[in-house]
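Notes for the one structure printed next.
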Amino acid sequence: MSTELETELQTAVERRRNFAIISHPDAGKTTLTEKLLLYGGAIHEAGAVKARRAQRHATSDWMAMEQQRGISITSTVLQFEYQNYQINLLDTPGHQDFSEDTYRTLAAADNAVMLEDAAKGLEPQTRKLFEVCRMRGLPIFTFFNKLDRPGREPLELLDEIEKELGLQTYPVNWPIGMGDRFKGVYDRRQRQIHLFERSGHGSREAIDTVVELGDPRIEELLEKDLYYQFKDDLELLEELGAELDLNLVRTGKMTPVFFGSAMSNFGVELFLDAFLDYALKPGNHKSNVGEMPPTYPEFSGFVFKLQANMDPKHRDRVAFIRVCTGKFEKDMTVNHARTGKVVRLSRPQKLFAQDRESIEVAYPGDVIGLNNPGVFAIGDTIYNGQKLEYEGIPCFSPELFAYLRNPNPSKFKQFRKGVSELQEEGAVQIMYSADEAKRDPILAAVGQLQFEVVQFRMQNEYNVESTLELLPFTVARWVDGGWEALQKVGRLFNTVTVKDGWGRPVLLFRNEWNCQQVEGDHPELKLNVIAPVVSGLEISK
């Protein structure tokens, strides 16, 4: 590698930070995303705050259905600069029905921000997503939101994380008051108190009054009981709390904790400043030829998401690529690991939710959008230099199943195209009956809302009406060893066999008890909850 390229890559990696936000629905994730963009200068007024009154929408929620329902149902990528850092923010759906999309997005993240409602603490969806982060060893930063509303005691919230998630905690800032009496936060890094005033319902940056810890004005600015409570808390933290250990943070064993209110902008900028200091820069990625460092001179990356119709006027399909090594350049040709073909990467785009602009170069940690005319599938690796493939992205077991039917034969082509493209982007898993006479696709979803999204998008994006016929199954298991293993077992009771997108056998059961019964009757049959990943490809036509 030339010294010039080596220096260029090292400089680019040093200034990049990449993270995903995970949370339970309604914890305020989209609002926090907006405020990070606001402080990063990427937007000038936050849309989430005024949406109900002025019918504006959050930048990250661009799909028509998201704007109608006020929820995030697809991951988006938001790139912006802040204090000479290039930040790639991967916004994920909070709703549990779209956790599959979140799992895939976490594969492209270097850090995770766990957002919690200070009144509710840990919630089921957050716990699930935390386990995915732990599996990948991601550093986790915790932001307790909605401090301007009544909530639980901060020490109680820390205790819950330590006991239930087994994570050490280190509060980087500490709240002063809560609810109507929330006065601001104490920044332990700079030993300063930040007193905030609400401004324009949080649509613009908060006005921030900073007071040094020893300043005698503190007693005048804070009510007496709040001041003494703050002093007691601080003493407790300094004497009994853990020391900040960045090695533990970066291996996912300690979480830096922040308190604030995204809606009112309290604590958001302090969080962003500390995050940039503590977070992991883009690191090594596991491949079939070993760990690949980001400064490896040849370009490589993998597809972690596909999205159809981001621009409805052009019926486009965009592949989201996480750059892992080397330098990406517009119009470069790369090798496609799964197919062995050479692909030219023209019209690369920088993504900002639905908005895109053309880019010339990208570096490890960046996410680029590429037009995808059916070339890419989720998990695909593209590379130059020595052949390599990154770890594939698994499918998780769905729990709801339904035939998707086309009541209008004249729309057969549109129906088939819609099903194919939505399957390709992973909006829902699609299976088919093992009985060749039954040609209708079977939608396999984690939650009911996925069905609604598929039907909505079939109508809205492909102009095809559809009907659903629910199937009485709640459990899916992939057969280890494929059709051959299944044939050796012979006839099975209380289960139906279908094919996944790869044509592999999947057994559907009405309930867990039926599944356990089959496993008990046939101990030689090995069943998997997660679909095996082959050559990085998750779905095929």
Side-chain angles (χ1 to χ4, degrees), residues 19-36 48 58 60-61 66 69-75 89-106 109 111-136 138-171 175 178-179 182 252-264 266-268 271 396-397 399-400 445-450:
F19 70 98
I21 303 180
I22 60 170
S23 76
H24 195 81
D26 299 324
K29 182 172 56 58
T30 298
T31 306
L32 177 62
T33 300
E34 290 275 314
K35 299 315 173 68
L36 291 169
S60 54
D61 289 343
E66 293 178 301
R69 297 198 178 198
I71 57 169
S72 298
I73 58 179
T74 180
S75 299
L89 192 167
L90 307 172
D91 181 43
T92 62
H95 200 289
Q96 63 187 22
D97 287 8
F98 305 102
S99 47
E100 189 88 20
D101 199 16
T102 303
Y103 297 148
R104 290 193 287 261
T105 301
L106 286 171
N111 304 274
V113 173
M114 182 166 70
L115 180 67
E116 296 188 37
D117 184 329
K120 296 173 183 172
L122 283 174
E123 295 181 85
Q125 181 66 0
T126 316
R127 291 171 211 261
K128 272 189 200 173
L129 295 172
F130 166 77
E131 288 305 327
V132 178
C133 294
R134 169 169 274 169
M135 207 162 63
R136 299 200 57 246
L138 289 179
I140 294 168
F141 296 78
T142 302
F143 189 96
F144 282 108
N145 194 22
K146 304 186 182 181
L147 265 288
D148 54 343
R149 300 183 190 178
R152 291 163 58 185
E153 287 297 321
L155 288 170
E156 187 188 326
L157 292 168
L158 296 184
D159 196 46
E160 183 176 58
I161 287 180
E162 297 206 346
K163 284 182 177 169
E164 297 199 24
L165 301 184
L167 266 181
Q168 285 189 57
T169 59
Y170 178 83
M178 191 173 282
F182 180 45
K253 293 170 184 167
M254 173 182 273
T255 179
V257 178
F258 303 82
F259 294 87
S261 163
M263 185 64 83
S264 306
F266 289 167
V268 175
F271 159 73
F396 289 78
S397 181
E399 296 167 14
L400 297 171
V446 176
Q448 175 65 35
L449 214 49
Q450 277 181 283

**Report entry** Arg136: side-chain contact (heavy atoms from CB on, under 4.5 Å) partners, not counting sequence neighbours
**Finding:** Leu138

Report task. Would you check if the side chain of Arg127 reaches a backbone N or O of Glu164 as a donor-acceptor pair within less than 3.5 Å? Result -> no

**Report entry** Gap between atom OG1 of Thr142 and atom CD1 of Ile161 - 0.5 Å precision
**Finding:** 4.0 Å

Report summary line: By ring pair (Phe, Tyr, Trp, His ring centres under 6.0 Å), Phe271 pairs with (sequence neighbours left out) Phe143, Phe258, Phe275

Query - Contact summary for Phe182 and Gly260, nearest pair of heavy atoms - result: CZ-CA, 4.4 Å

Query raised in the report: Can you find a heavy atom in the side chain of Pro154 that is under 4.5 Å from one in the side chain of Phe144?
Result: no

Query raised in the report: Distance-only, no hydrogens or angles: does the Glu160 side chain make a donor-acceptor pair with backbone N or O of Leu122 under 3.5 Å?
Result: yes

Query raised in the report: Closest approach of Leu158 and Pro171, non-hydrogen atoms and distance?
Result: CD1-CG, 3.6 Å

**Report entry** Test applied, side-chain contact (heavy atoms from CB on, under 4.5 Å); reference residue, Met114; option that passes from Ile21, Ile22, Val257
**Finding:** Ile22

**Report entry** Lys253 side, atom NZ; Leu167 side, atom CG - distance, nearest 0.5 Å
**Finding:** 11.0 Å

Report task. Calculate, to the nearest 0.5 Å, the distance between atoms CZ and CE belonging to Arg152 and Met178 respectively. Result -> 10.0 Å

Report summary line: When every non-hydrogen atom of Met263 is compared with those of Lys35, the smallest separation belongs to O-NZ, 2.9 Å

Report summary line: For Pro150 and Ala119, the nearest pair of non-hydrogen atoms, with its separation, is O-CB, 3.5 Å

**Report entry** Backbone of Asp117 reached by a side-chain donor or acceptor of Lys146 within 3.5 Å
**Finding:** no

Requested in this report: For residues Asn145 and Leu32, determine if any side-chain heavy atom of one lies less than 4.5 Å from a side-chain heavy atom of the other.
Outcome: no

**Report entry** Enclosure of Arg149 CZ (heavy-atom neighbours >12, cutoff 6.0 Å)
**Finding:** no

Query raised in the report: Heavy atoms, side chains only, cut-off 4.5 Å: are Phe130 and Thr255 in contact?
Result: no

Report summary line: Closest heavy-atom pair, Leu147 versus Pro175, reported as atoms and distance to 0.1 Å, is CD1-CB, 3.8 Å

Query raised in the report: Would you say Glu162 has more than 12 foreign heavy atoms packed within less than 6.0 Å of its CD?
Result: yes

Report summary line: Looking only at heavy atoms, the pair that brings Cys133 and Ile140 closest together is CB-CD1, 3.8 Å

Query raised in the report: Passes side chain to side chain contact (heavy atoms under 4.5 Å, CB included), Phe19 versus Leu90? Steps please.
Result: CA-CA 6 Å; Phe19 70 98; Leu90 307 172; over 6 Å; no

